Q: 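Below is one structure. I have some questions about it.
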Amino acid sequence: MSTEKIIVALDVPDLESAMALVDKLPQVTFWKVGLELFTSTGPQILAILKSRQKRIFLDLKFHDIPNTVAGACRAAAGYGVDLLTVHATNGKDALKAATEAVQVGAEKAGTQPPKLIAITLLTSIYARQLVFDLKITLELPEFALQMALLAQESGLDGAVCSPQEVTQLRETCGNDFLFVCPGVRPIWADKGDQKRSLTPSQAIKAGADYLVIGRPITAASDPELAWQKISDELHSDKSVNQV
């Protein structure tokens, strides 16, 4: 399994902290920029990463009325990022508008459109919260599946889901639909606020195309050693390398 399938989350508060990690981990080719860092730095961090030939997962999880979601996706597509997220719970009208908007935004900027992927359910949510807090009566795996199918029917390129749901979603949605799995934790790492987690090799075997790994690497006392440890574990797992 290529380490190019590991997306390292730049979940840090400012540009200085982000660049310290990027400099410390030159072997990482794919970085995630989320709400905190993008709100702090704006598109400056994206421009720097692109100047270093890095791939970018812009994880802003747009969630609004269709016109606003489309406008945000149109603007984001102009940055030339590789992956972009919206919430599946925006509904079909907004999802369809988003798919059209990324094409328009990318064409206007003269860049390739990002793969648009839908958030099925945040990996910090667990089954009891789904029922009692969000008042959703579907079983958690069924809800995640319905959100992935909605995204696929609306023309999106893929979905974000926990590694615990990806096998069922892959079987239903097929091999051409992209699955990105956050909430991935090596056995030796603290799970933190991730409630539906698997190890990196388990997630790949389950059907994930990309793994998003943040704190086990970025919050480690030695991020380079943590990255290498995860890479070694994946490369040494023959069943993963055959996927």
Side-chain angles (χ1 to χ4, degrees), residues 4-11 29-123 144-161 166 169-170 172-182 208-212:
E4 291 180 359
K5 291 194 176 275
I6 300 175
I7 303 173
V8 179
L10 275 174
D11 292 337
T29 60
F30 212 150
W31 292 95
K32 188 199 85 161
V33 174
L35 276 171
E36 181 180 15
L37 184 58
F38 190 80
T39 301
S40 171
T41 69
Q44 183 181 6
I45 181 62
L46 308 181
I48 293 172
L49 290 173
K50 284 186 68 66
S51 73
R52 297 190 181 199
Q53 288 76 53
K54 303 298 186 182
R55 302 181 71 197
I56 302 170
F57 173 21
L58 185 56
D59 185 27
L60 301 182
K61 300 182 178 73
F62 295 136
H63 194 202
D64 215 306
I65 62 173
N67 186 64
T68 302
V69 169
C73 287
R74 193 178 305 115
Y79 295 135
V81 299
D82 299 275
L83 299 176
L84 179 67
T85 49
V86 297
H87 273 284
T89 49
N90 277 301
K92 187 173 286 187
D93 288 347
L95 294 179
K96 286 184 173 181
T99 62
E100 296 170 3
V102 293
Q103 299 296 324
V104 173
E107 183 177 354
K108 184 177 179 180
T111 188
Q112 287 294 314
K115 298 289 187 184
L116 189 62
I117 55 177
I119 305 296
T120 55
L121 184 68
L122 297 175
T123 52
L145 175 60
Q146 292 305 316
M147 292 301 99
L149 287 172
L150 176 62
Q152 189 173 44
E153 291 164 5
S154 302
L156 274 70
D157 300 292
V160 178
C161 65
V166 72
L169 272 57
R170 171 68 67 203
T172 304
C173 297
N175 292 327
D176 294 332
F177 200 61
L178 193 68
F179 285 107
V180 178
C181 290
D209 292 293
Y210 290 102
L211 312 178
V212 180

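Given the structure is predicted, the values throughout are model-derived calculations rather than measurements. All values below were derived from every heavy atom in this structure, side-chain atoms included, with hydrogens, water molecules and symmetry-related copies excluded.
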Q: With a 4.5 Å cut-off on side-chain heavy atoms, are Leu58 and Phe38 touching?
A: yes
Q: Got a sec, which residues hit side-chain hydrogen bond (donor to acceptor under 3.5 Å, both in side chains) with Lys92, two or more places apart in sequence or on another chain?
A: none
Q: Test your reading of the model: is there a side-chain donor-acceptor pair from Gln53 to the backbone of Ser51, 3.5 Å cut-off?
A: yes
Q: Just so I know, are the side chains of Leu156 and Ile117 near enough to count as touching, which here means a heavy-atom distance under 4.5 Å?
A: no
Q: Hey, does the side chain of Ser154 reach the backbone of Leu150 with a donor-acceptor pair shorter than 3.5 angstrom?
A: yes
Q: For Gln146, look at atom CD and say whether over 12 heavy atoms of other residues, nucleotides or ligands are found less than 6.0 Å away.
A: yes
Q: To check you understand the geometry: which heavy-atom pair defines the closest contact between Pro66 and Asp93, and what is its length?
A: CG-CB, 4.1 Å
Q: Under a 3.5 Å distance rule, please check whether Lys50 uses its side chain to pair with a backbone N or O of Gly80 as donor and acceptor.
A: yes
Q: As an exercise, state the distance from NZ of Lys32 to CG of Leu10, rounded to the nearest 0.5 Å.
A: 9.0 Å
Q: Are any non-hydrogen side-chain atoms of His87 and Val69 less than 4.5 angstrom apart?
A: no
Q: Indicate yes or no for a side-chain donor-acceptor contact from Gln152 to the backbone of Cys173 under 3.5 Å, with no hydrogens or angles considered.
A: yes
Q: With a 4.0 Å cut-off, would you call Arg170 and Asp209 a salt bridge?
A: yes
Q: Out of curiosity, Arg55 CZ to Glu4 CD, how far, rounded to the nearest 0.5 Å?
A: 7.5 Å
Q: Evaluate the side-chain proximity of His63 to Thr89: yes if any heavy-atom separation is below 4.5 Å, no if none is.
A: yes
Q: So, do Ile7 and Leu211 sit near enough that their side-chain heavy atoms are less than 4.5 Å apart?
A: no
Q: Would you check if Leu178 and Leu83 make a side-chain contact, meaning some heavy-atom pair closer than 4.5 Å?
A: yes
Q: Keeping the roles fixed (side chain from Asn90, backbone from Phe62), state whether a donor-acceptor pair exists under 3.5 Å.
A: yes
Q: Side chain to side chain contact (heavy atoms under 4.5 Å, CB included) for Leu145 and Leu149? Distances and angles first, verdict last.
A: CA-CA 6 Å; Leu145 175 60; Leu149 287 172; 4.0 Å; yes
Q: Should the heavy atoms of other residues, nucleotides or ligands under 6.0 Å from CD of Gln112 be counted, would the total exceed 12?
A: no
Q: Show the nearest heavy-atom pair for residues Ala151 and Ala118, with the distance to one decimal.
A: CB-CB, 3.5 Å
Q: What heavy-atom pair brings Ala144 and Thr120 nearest, and what distance separates the two atoms?
A: O-CG2, 3.6 Å
Q: Looking at Lys54, I'd like to know if its NZ atom is crowded, meaning that more than 12 non-hydrogen atoms belonging to other residues, nucleotides or ligands lie closer than 6.0 Å.
A: yes
Q: Looking at Ile119, Asp59, Val160, Thr85, which one forms a side-chain contact (heavy atoms from CB on, under 4.5 Å) with Val180?
A: Val160
Q: Spell out, as yes or no, whether a donor-acceptor pair under 3.5 Å connects the side chain of Thr172 to the backbone of Leu169.
A: no
Q: Between OG1 of Thr29 and CZ of Arg52, what distance do you get to the nearest 0.5 Å?
A: 14.5 Å
Q: Taking the side chain from Thr41 and the backbone from Leu37, do they hold a donor-acceptor pair closer than 3.5 Å?
A: yes
Q: Tell me the closest heavy-atom pair linking Cys181 and Ala208, and the distance in Å.
A: SG-CB, 3.6 Å
Q: Could you list the residues that satisfy ring pair (Phe, Tyr, Trp, His ring centres under 6.0 Å) with Tyr210, not counting sequence neighbours?
A: Phe30
Q: Measure the shortest side-chain to side-chain distance between Val86 and Cys73 over non-hydrogen atoms and say whether it is less than 4.5 angstrom.
A: yes
Q: Just one of Val102, Asp82, Asp157 clears the side-chain contact (heavy atoms from CB on, under 4.5 Å) bar with Pro114, so which one?
A: Val102
Q: Calculate, to the nearest 0.5 Å, the distance between atoms CG and OH belonging to Leu46 and Tyr79 respectively.
A: 7.0 Å
